Amino acid sequence: MLLVSQIIAEKSRFVAGLEKRGIKDAESMLDEVLALDKKRKNTQQELDQNLAEANSISRQIGALMKEGKRDEAEVVKTKTAELRSRNKELAEIKESTQEALKAALYNIPNIPHDSVPKGLTDEDNELVETVGDLPDLPESAVPHWDLIKKHDIIDFDLGIKITGAGFPVYKGKGARFQRALVNFFLDQAAAAGYGEIQPPIVVNEASGYGTGQLPDKEGQMYHITVEDLYLIPTAEVPITNLYRDVIVQEDQLPVKHVGFTPCFRREAGSWGAHVRGLNRLHQFDKVEIVQVRKAEESYDALTEMCEHVAGLLNKLELPYRILRLCSGDLGFTSVLTYDFEVYSGAQKKWLEVSSVSNFETYQANRLKLRYKGADKKTQLLHTLNGSAMALPRIMAAILENNQDAEGIRMPDALVPYTGFDRI
RNA sequence: AGAGGAGUGGCAGAGUGGUCGAAUGCGGUGGUCUUGAAAACCAUUGUACCGCGAGGUACCGGGGGUUCGAAUCCCUCCUCCUCUGCCA
């Protein structure tokens with residue numbers, strides 16, 4: 001969440017940033033925060049003063065009791081009743097004000113980076129770069145949902161039978177293909193200095209709040225109500241929350257982690273005919289990279305992460321393009337996000353396979369993720385993450401782009417992992 | 001899951017109602033000494049909020065309660081340990 005101190009210091013920049021996102025009443029949102037903060041401070045001042053007085057009286061009573069002056073102590077006691085009830089009242093006001101302030105802050109998204117183009121929908125995203133040639137497929141080329149049936153490598157009907165729509169079953173070479181991709185991505189990340197993590201794939205409510213999925217995207221996560229736990233929508237949640245309430249030692253920085261997990265998304269309201277096959281699923285595999293950085297390094301880290309993702313796509317011989325998300329398409333918690341889309345030749349569509357973001361201090365502020373520098377001051381760190389990569393759409397693009405009369409050719413980089421070069 | 005025990009500062013570990021934010025030891029930092037290092041000695045060493053500052057307030061697993069006053073008593077939840085049961 002945003003820092004109140006920064007809202008005070010740079011209110012006009014914050015108003016402009018929120019308006020860029022299309023928020024009409026940005027100024028009044030921030031004014032509400034400021035008013036609540038002021039109220040909280042005033043209440044605390046009075047409360048602290050009263051508590052100091054109450055503490056002082058208690059010490060007096062203690063001293064009198066020690067001296068055996070019981071009667072005098074009893075007299076002093078009578079003075080405290082009023083103070084007590086007032087303090088209880090003030091404590092309640094402070095508590096409720098703090099809750100209101102937090103709720104207000106939870107509902108305000110991050111301020112977009114200056115370089116973020118203004119826009120409303122994904123059509124306004126800025127094309128940064130297109131890399132590779134689009135595949136030149138014959139007329140007979142078919143989309144991946146036909147290929148997987150033909151080669152019997154992924155079965156949606158079986159998934160429907162045992163679970164429901166959007167939970168495919170990977171079989172034989174399809175399963176091996178997916179496992180090969182996971183290992184390839186993990187090895188590539190390890191080589192780039194990311195330490196591997198295998199986190200739990202269910203998280204508690206505090207973790208959901210820490211990275212910002214709650215309360216913003218509550219309806220998008222599977223909620224295990226009997227235990228009040230959530231199935232993760234991305235490994236970002238458990239991995240970044242590893243650092244919740246942590247003051248990192250300076251020599252431990254930068255933090256770089258990679259994790260492979262299944263991801264679960266309800267995708268409520270976003271289903272339709274345009275999301276056939278592997279394009280959108282309720283459960284999918286993803287390898288995620290996460291970095292925790294000092295403020296002054298975080299944009300270099302963002303570039304480094306983008307280069308890592310680009311390197312993966314190059315090795316997989318996939319044509320891709322990089323988009324800078326516009327203000328309207330930018331995630332709630334992000335300052336700057338680059339999306340990577342691969343071209344899937346038979347359905348003739350660009351598919352998002354990675355999203356690389358810098359959250360600056362927005363998550364760190366919720367997480368209380370800080371470090372202590374040489375000057376002994378604790379300060380918030382920046383968090384970043386990116387998919388490297390989301391598996392199903394990569395599979396879809398490889399299947400479609402590499403199809404020929406005999407089957408499907410595996411990219412050279414993957415063959416050591418699959419153990420076969422054709423499906 | 002049942003019975004019992006326990007959760008204190010970076011770690012270890014005192015403290016069972018009154019200057020306790022908390023003894024002591026280890027560790028960390030600064031210094032004295034030393035050619036240098038070790039040892040020894042001295043000092044310092046949590047986080048957050050409020051305040052221009054002096055300073056104040058809160059925090060001893062989380063939450064609630066009793067009391068003028070709670071690390072200390074009560075309730076509740078969580079976690080860990082031991083025993084019993086179950087289980088990949």
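So that the names make sense, note that chain A is the first sequence line, chain B the second, and so on, each numbered from 1. Because the structure is a prediction, the values reported are computed rather than measured.
- Heavy atoms of A:N55 sit under 4.0 angstrom from primed sugar atoms or phosphate atoms, though from no base atom.
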Report, one pair per line, the protein and nucleotides 18-20 of chain B atoms (nitrogen or oxygen only) whose separation is under 3.5 Å.
from	atom 1	to	atom 2	distance (Å)
B:G18	N2	A:S58	O	2.9

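- For A:Y362 and A:H382, the side-chain atoms include no donor-acceptor pair closer than 3.5 Å.
- Counting any heavy atom pair closer than 4.0 Å across all strands shown, A:T378 reaches sugar-phosphate atoms only and no base atom.
- By the 4.0 Å N-to-carboxylate-O rule, A:K24 lies too far from A:E19 to be salt-bridged with it.
- Rounded to whole Å, the distance from CZ on A:R84 to P on B:G65 is 11 Å.
- In this structure, A:K286 is not positioned above the aromatic face of A:F260 in the sense of NZ or CZ being under 6.0 Å from the six-membered ring centre and within 45° of the axis.
- As rounded to the nearest Å, B:A1 and B:G10 have P atoms that lie 32 Å from one another.
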Could you summarise the pairing of RNA chain B as dot-bracket text, marking Watson-Crick and G-U pairs under 3.5 Å with ( ) or [ ] inside the strand and | across strands?
((((((((.[[[..)..(.....]]]((((((.......))))))(((((....))))).[[[[[..)....]]]]])))))))....

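- Taking the six-membered ring where the residue is Trp, A:Y106 and A:Y209 present tilted rings, their angle falling between 30° and 60°.
- A salt bridge links A:R86 to A:E46: one of the charged nitrogens lies within less than 4.0 Å of a carboxylate oxygen.
- Computed from coordinates, the A:N204 CG to B:U79 C1' distance equals 13 Å when rounded to whole Å.
- In terms of polar N and O atoms assigned as donor or acceptor, the side chain of A:Q45 never comes within less than 3.5 Å of the base of B:C50 in a complementary pairing.
- The side chain of A:I247 lies closest to B:U47 when the candidates are B:U47, B:G56, B:C49.
- Across the interface with RNA chain B, nearest-nucleotide mapping of A:L51 and A:K77 shows A:L51 to be the residue nearer the 5′ end.
- A salt bridge links A:E304 with A:R293: the closest approach of a Lys/Arg side-chain nitrogen to an acidic carboxylate oxygen falls below 4.0 angstrom.
- Using a 4.0 Å heavy-atom distance criterion, A:K41 is classed as a sugar-phosphate-only contact.
- The residue among A:D37 and A:T80 whose nearest nucleotide of RNA chain B is located toward the 5' end is A:D37.
- No engagement by A:K94 is indicated, since no non-hydrogen atom pair under 4.0 Å with the nucleic acid exists.
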